[in-house]
Amino acid sequence: MIATYLVRAVRSELAKLSWRNSLILMAGGVSSLCAEFKDNTVEAVYGIQTRRWILPIAKLIVFGAIAALTALLVTFLILWAFPQLFPEIWGKVEVFSGDGIQLLIGVPLYTLLITALGLGVAALVPKPGLVVMIVLLWKFGVEVFLTFVPGDLGVTLQQLSPFKNGELGVGQLATIKSMFGGQTGSLLYFTAICVAIFAVGTVRLARTDT
C-alpha cells in the first residue's frame, strides 16, 4: 500500500518535472550568459570574436541542446519506463503513438523555446535572478491572475497567454481553447514570441558600444 502511494507521488512529481524542467534548464543558460557580464569575461570573448550576436546564439545552441535532450529523456522516462515497471497503477501512453510522438517532439521543443526566451531577456537585462523572476512572475503570476478576470475579456486574455499556448501546442494539459486554429497555431504563436524576444535581445547586444 505504501509502495503504491509512493509510486503515485513519484509519478506526480515526474509529470510536473516535464514542464518545471524547462524553467530549471533555462536558468542554466541565463546564468551562463549573465556571468559573462558579471565576471567581465565578455570583453575577452569580444576580443577574440568581435561579432557580438554570436555569443547569445552560441549559448542557445549549447544550453538549448542540453535542455532539449534532458527534456526528451525525462519525457521518454515518463512515457515508457515507468509504465513498464508499474503497469497496474501507471497511466500509459504508447511512446510511438501519435500522442507519444507529439510529446517526445513537443516537450523538448518547448524547453528549447523557453531557453531562447530566457537568453533573450538576459541579453536585455543581464541579471540572472531578475530574469528568472520575470519569467516565473509572468507564468505563475500574470497568467494565473488572468484566470480570475471575469467574462469574455478574461477568456480572451487567457487564450493570448504565451505559456498556456505553448503547453497546449506541445500536447500537455491545457485549460484554454486555442484561438490560433489548434495546437499547431498555438505552438507557432508561442514560438513567435520566444524568437522575437531572443532576436531583440541579440540585436541589442550586437549594437552595444557600436
Measure the spacing between [atom1] of [X] and [atom2] of [Y] and express it to the nearest 0.5 Å.
| X | Y | atom1 | atom2 | result |
| --- | --- | --- | --- | --- |
| I105 | T75 | CD1 | OG1 | 11.5 Å |
| L130 | I134 | CG | CD1 | 4.0 Å |
| L25 | L112 | CG | CG | 11.0 Å |
| Q158 | F148 | CD | CZ | 9.5 Å |

Honestly curious: do [X] and [Y] fall in one hydrophobic cluster under the side-chain, below-4.5 Å linking rule?
| X | Y | answer |
| --- | --- | --- |
| V195 | L205 | no |
| V132 | I197 | yes |
| L124 | L113 | yes |
| I193 | L136 | yes |
| L109 | F180 | yes |

Does [X] reach the side chain of [Y], with side-chain heavy atoms less than 4.5 Å apart?
| X | Y | answer |
| --- | --- | --- |
| L23 | F140 | yes |
| M26 | V121 | no |
| K139 | E167 | yes |
| L72 | L104 | yes |
| K177 | V155 | no |
| T202 | P56 | yes |
| F198 | L60 | yes |

At their closest point, which heavy atom of [X] faces which heavy atom of [Y], and how far apart are they?
| X | Y | result |
| --- | --- | --- |
| V131 | G118 | CG1-O, 3.7 Å |
| L117 | C194 | CB-SG, 4.0 Å |
| L33 | A122 | CD2-CB, 3.9 Å |
| A68 | P108 | O-CB, 3.4 Å |
| A67 | T115 | CB-OG1, 3.7 Å |
| L168 | I176 | CD2-O, 4.2 Å |

Strictly by side-chain hydrogen bond (donor to acceptor under 3.5 Å, both in side chains), give each pair with a member in residues 183-198 just once, sequence neighbours left out.
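Pairs touching residues 183-198 that pass the test: Q102-Q183, N165-S186, S178-S186.
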Can you tell me which residue pairs pass the side-chain hydrogen bond (donor to acceptor under 3.5 Å, both in side chains) test with a partner in residues 55-67, sequence neighbours excluded?
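Residue pairs passing side-chain hydrogen bond (donor to acceptor under 3.5 Å, both in side chains), neighbours aside: S32-K59, E36-K59.
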Residues in side chain to side chain donor-acceptor pair (under 3.5 Å) with Q159, at least two apart?
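In terms of side chain to side chain donor-acceptor pair (under 3.5 Å), with neighbours along the sequence ignored, Q159 is linked to no residue.
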Spell out, as yes or no, whether a donor-acceptor pair under 3.5 Å connects the side chain of S31 to the backbone of G28.
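It does not hold such a pair.
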side-chain contact (heavy atoms from CB on, under 4.5 Å) partners for L153, two or more places apart:
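side-chain contact (heavy atoms from CB on, under 4.5 Å) check on L153 returns V149, L157.
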For F190, which residues count as a ring-ring contact (aromatic ring centres under 6.0 Å, His included) partner, sequence neighbours excluded?
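Expected list: Y110, F163.
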Using a side-chain heavy atom cutoff under 4.5 Å and only I, L, V, M, F, W and Y, what cluster partners does L137 have?
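In the cluster with L137 there is nothing else; it is isolated.
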